[in-house]
Structure formats: structure tokens, C-alpha cells
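In what follows, every chain begins at residue 1, and chains take the letters A, B, ... in the order their sequences are listed.
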Number of protein chains: 2
Amino acid sequence: MSEFTETSRLNFIVEMLKINTSASIAEIAEACHVSQMTIRRDLQKLTETGQVIRIPGGARIEHWRGAERSFFERLQKMGHAKRSIGATAASLIKDGESVVLDSGTTTLYVARELRIRKNVVVFTFSLAVLEELTSAEHIRVELTGGVYRSSSHDLIGPAVAKSLTSIYADTVIFGAAAISLSRGVMVHDPDAQYELLRAGRRKVLVVDSSKIGTEATYRLCGIEDCDLILTDKGISNDALTRLRRMTEVQVTNLR
Amino acid sequence: MSEFTETSRLNFIVEMLKINTSASIAEIAEACHVSQMTIRRDLQKLTETGQVIRIPGGARIEHWRGAERSFFERLQKMGHAKRSIGATAASLIKDGESVVLDSGTTTLYVARELRIRKNVVVFTFSLAVLEELTSAEHIRVELTGGVYRSSSHDLIGPAVAKSLTSIYADTVIFGAAAISLSRGVMVHDPDAQYELLRAGRRKVLVVDSSKIGTEATYRLCGIEDCDLILTDKGISNDALTRLRRMTEVQVTNLR
DNA sequence: AGGCTATTTGTTATTTATTAACATTGTCCT
DNA sequence: AGGACAATGTTAATAAATAACAAATAGCCT
């Protein structure tokens with residue numbers, strides 16, 4: 001076994017963990033010919049970058065690594081607003097119904113709250129939504145096809161829209177990048193979402209209030225095309241009044 | 001917060017971790033109104049059943065839980081035979097080519113060895129294959145649509161076959177439940193696999209030698225329909241001779 | 001090269017976490 | 001009631017994590 005530079009040692013540790021999922025600090029230190037303290041510091045760095053997880057006396061690696069980890073980290077930091085929106089959206093879905101779920105952090109909270117439903121069919125192109133629902137016994141998840149995109153942990157490309165054409169669910173719950181009072185519902189990446197809107201009868205938009213009154217690149221649809229908009233208490237009275245002239249808006253209230 | 005029975009407390013801890021991915025022993029103990037020692041013992045049980053992971057001072061939960069956990073455990077226990085087959089199969093794929101990868105443990109090893117390729121497009125309905133390749137920078141993974149099945153961590157149903165119809169790749173690498181010298185390549189669940197075979201030009205079958213000479217429920221295709229069969233050294237000379245009368249067979253040899 | 005700085009690593013002491021052993025409580029069964 | 005068993009709590013001993021400091025190393029500037 002040769003000597004290491006610092007960075008090559010970090011890589012070596014990750015590779016070591018890929019082989020056996022976990023290893024003790026003593027084992028790693030011996031394999032690298034450095035002190036345990038050095039390995040502790042290495043593991044701290046690797047933990048910060050999300051590459052490994054510390055366990056008492058050692059470390060282990062997750063099956064899912066890399067980009068989608070930052071996705072989950074983003075998710076964890078978000079507060080009660082999205083959770084409250086998610087719970088309200090989920091309450092709209094009754095047992096036995098079918099629902100199309102958009103990709104995005106807010107809709108992920110919807111998925112989380114949907115777990116208690118029974119005999120629900122969920123269509124989605126978000127792997128995060130799928131993951132959130134795999135442990136739910138009575139929920140069937142149907143994934144669209146598509147090319148995997150790690151940054152948002154979902155599927156993109158023409159196959160997504162193509163898969164959605166054959167779906168018509170009771171409800172579609174979707175997010176948006178921005179809500180412009182004049183221009184309507186706006187998104188960054190409209191490809192799949194046009195088809196998404198067509199894939200459900202009742203169209204429910206879930207957005208946290210920080211998005212309201214902002215702009216983004218593409219217009220997805222008009223405010224009035226949504227059957228219901230769910231948002232949190234952060235919305236201004238003015239914006240609320242104006243939105244309510246166009247469609248039904250519900251401000252979620254759960255603590 | 002009410003009192004707990006022992007088993008309901010274990011469930012509560014898991015649910016608690018599902019919400020926030022991780023929690024400290026002190027937090028859990030307080031939430032449950034029991035001593036930290038009791039929580040330590042609970043976490044030990046939950047660690048043994050694979051439901052949580054201990055971290056120093058607390059516990060956390062994996063993003064993927066439940067059925068697919070046993071899937072990865074199965075995978076780890078498997079020996080060099082499949083790994084060797086996987087490496088040989090991966091060596092057949094050149095940079096820039098496209099390949100269809102079946103679901104299954106052997107093909108998962110192929111995926112693992114494919115990570116070093118560049119500009120390869122991989123089509124699959126196996127989420128395990130997708131996971132294996134997400135960290136590979138230069139590989140594009142295109143997932144078929146379908147209903148998620150946790151036991152094998154892949155997608156099933158009519159959408160799988162439908163997605164495959166529009167694909168024609170350079171190579172298809174597939175597994176089998178059994179190889180009958182008289183009846184041909186046999187599988188347990190033929191639905192998607194018929195279409196899988198059509199989705200690639202060169203058809204490569206990967207099977208560990210224990211499957212050769214056994215039987216399963218459905219016939220997928222004849223031996224002679226495979227362009228190449230990859231297996232390990234465990235194959236008998238007799239079987240090898242007979243298979244080679246029908247198609248090319250390569251016995252992998254990597255240590 | 002010489003000397004400066006910053007980084008990495010090792011050592012030690014201190015705090016914190018884990019384990020093991022034993023005491024207590026409570027439940028179930030006869 | 002009394003005994004067996006499981007679950008929980010308490011304490012002491014052991015192990016691990018952290019923090020603080022010292023030594024070694026690698027650049028980098030003149």
C-alpha cells in the first residue's frame with residue numbers, strides 16, 4: 001500500500017466504503033497508515049459534503065450519493081409553510097382517487113402527506129416523490145419514462161410528455177417557479193409541464209407565498225386555468241384579493 | 001403526547017426520523033418520555049432490522065427503506081462470479097454506444113462496471129441500475145415508464161413494454177431465471193422482457209452458472225436467439241459444449 | 001537558499017457517548 | 001399471592017468524539 005496525498009486519501013476512503021458500505025475508523029486509519037485523528041477529520045469533511053455518514057466508531061456510505069443529496073438537504077431546511085401546503089393539498093385527495101404529482105419541493109411535501117391515503121394511484125416523473133411513497137403500502141406509484149436529471153432528482157425529456165399523454169387522473173397537483181399577477185403561472189422549464197396540466201381533471205397549484213408577485217422565464221398557464229391555488233399565510237392581502245378575482249385561493253393554516 | 005407501548009415507540013421513532021432524517025438520542029428520549037438508555041436499546045433493535053442507522057449521539061434513516069434494503073443486502077453477499085460476468089459484459093460496450101440493461105442482480109454488476117465508460121446511453125426499467133449510474137458523470141440513463149415494484153426495485157406493467165417499443169440500442173444485456181438446454185432461455189415474468197429483446201441489436205445474455213440446466217416458468221427465447229452468452233467458470237463441460245453448438249458462449253475469467 | 005506563512009498531521013486532555021452490570025418496576029401466569 | 005420474565009432505569013466503566021495545542025510539511029515570496 002503506497003502513501004496518500006490528502007485528497008487521494010479522501011477518495012480512497014469513499015471507494016473503501018463503496019465496497020463494504022461501512023468501515024471503522026481503526027480499519028481506515030490502518031489502511032491509510034495515518035492516525036485515527038486524521039481519519040476523523042477526513043470523515044468530517046466527507047460528512048459535510050454528504051459523501052459519507054458517520055456511525056459510532058466509523059463511517060458508512062449511502063446508496064444514493066452526489067447531486068440528489070443536496071436535493072434532500074435543501075428539502076430539510078424548508079419550514080412549515082410548504083409542509084402546511086402539502087398537508088392541505090393531500091387532504092384534497094380521497095382514498096381511491098388518482099393524482100398526478102409534479103416534481104419539486106412543495107409537491108414532495110404533498111407526497112409525504114399522501115402516505116396515509118389508501119388505494120391511491122400517483123403518477124409522477126419525480127424520483128423524490130417515488131421514494132417518498134415507496135414505503136406507503138397502499139399507494140401505487142407509476143413513473144413516467146425519461147432521462148434522469150440528478151440536480152432535481154427527476155426525469156426530463158420527450159419521454160416524459162409522451163408518457164403523460166396516456167394519463168388522465170382525478171387531480172393534478174403542480175408547482176411553479178413564479179406567479180405573476182399579470183402574466184399568470186410561470187415556470188423555468190415548460191416542456192413536461194404543459195402535458196402535466198392536461199393529465200388531470202382538477203388542477204391544483206401549490207406555491208409558497210414567496211413566489212407570488214415574482215416572474216420567471218416561461219408562462220405555463222393563466223391564473224384562471226387553475227381550479228385552486230394553495231399557498232401560505234405569507235401572501236399579501238392585496239395579492240390575495242387580486243388572485244381571488246381570477247380563481248379560488250386557499251391559504252393554508254396548519255401550525 | 002401520550003404514553004407508548006414498546007412496539008409503538010419503535011414505530012414512533014421511525015416516523016420521527018422519516019420527518020427529519022435524523023434526530024439525537026436526547027431529542028427522541030424527551031419526545032417519548034423515557035430514559036436515553038431505553039432509546040439506545042430501541043435504536044439497537046431498529047439498527048439490527050435495518051430500519052435506521054446509528055450516528056454518534058443519535059440516529060438517522062436512509063432515503064430508500066424497506067424492501068429494497070434487502071435487495072442491496074442480497075447484492076452485497078454475492079461473490080466474484082457475477083462481478084466477473086459484469087466486467088466482461090461491460091467491456092463489450094464501447095464509449096459512445098447505447099445499451100439496454102435488464103433488471104436483475106447480474107445486470108446490476110454490469111451497470112457498476114459501466115461507470116467508467118463515456119457518452120454511453122443506458123436504457124433500463126431498473127431503479128437499481130439507475131442508482132448505480134447516477135454518480136457516473138458521462139453516462140445518460142433513460143428510464144422507461146412503469147409501476148414501481150419494491151421487491152425487485154424496478155418498474156413493471158404495460159408502460160414498460162410501451163416505452164421500450166421506441167428504443168433501438170446497439171446492445172441489449174439481459175438476465176434469465178434459468179437456461180434450459182432443451183427449452184431455451186426461461187424467465188419468471190416475461191411481460192417486459194419480450195420487448196426488451198427487440199430493443200437492442202446485439203443480444204447478450206448474462207447468467208451465473210448455477211442457472212444453467214435449470215427450468216423456470218416461461219420461455220423467453222431460444223439459446224440461438226442470443227448473440228452471446230456470458231457465464232462463469234462453474235459451468236460444466238458438457239453444458240458448455242452443448243450451448244456452444246447453438247451460439248457463442250464466453251466463460252469469464254477475471255479474478 | 002532562507003525564512004515566512006499556511007496547511008496538514010499528530011498528541012494530549014477533556015468532554016461526551018456507549019456499553020455493561022445491576023436494581024427496579026411492572027405484567028402475566030399458575 | 002408468588003415466581004418468572006420482560007422492560008426500564010440507574011450507575012460505573014469503557015470507548016469515542018472534540019478541542020486545544022505542538023510538530024511536521026509544503027508552498028511561496030524575496
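- Protein atom CZ of A:R54 is 14 Å distant from nucleotide atom C1' of C:dT18, rounded to whole Å.
- For A:H33 and C:dT8, the NE2 to C1' distance is 18 Å, given to the nearest whole Å.
- Of all nucleotides listed (C:dG10, C:dT18, D:dT10), D:dT10 comes nearest to the side chain of B:M37.
- Distance A:I25 CD1 to D:dA15 C1': 11 Å, rounded to the nearest Å.
- Phosphate proximity of C:dT9 to A:T38: absent, as no side-chain N or O sits under 4.0 Å from OP1 or OP2.
- Atom pair A:D42:CG and D:dT18:P shows a separation of 14 Å (rounding to whole Å applied).
- Distance A:I39 CD1 to C:dT8 P: 14 Å, rounded to the nearest Å.
- Checking the phosphate oxygens (OP1, OP2) of D:dA19, no side-chain nitrogen or oxygen of A:R40 falls inside 4.0 Å.
- With respect to A:D208 and A:R83, no salt bridge is recorded, no charged nitrogen being found less than 4.0 Å from a carboxylate O.
- When rounded to the nearest whole Å, the span between CD of B:Q44 and P of C:dA17 equals 18 Å.
- Heavy atoms from other residues, nucleotides or ligands lying under 6.0 Å from CD of B:E30 number 12 at most.
- Rounded to whole Å, atom P of D:dA16 lies 18 Å from atom CZ of A:R41.
- Using a cut-off of 4.0 Å between Lys/Arg side-chain N and Asp/Glu carboxylate O, B:R149 and B:D154 are scored as salt-bridged.
- At whole-Å resolution of the value, CG in A:L10 and C1' in C:dT7 are 14 Å apart.
- In this structure, B:R9 forms no cation-pi arrangement with B:F12, as its terminal cationic atom is not both closer than 6.0 Å to the ring centre and no more than 45° off the ring axis.
- Distances shorter than 4.0 Å separate some side-chain N or O of B:R9 from OP1 or OP2 on D:dT8.
- Of the candidate nucleotides D:dT10, C:dG10, C:dT18, C:dT18 has the atom nearest to the side chain of A:P56.
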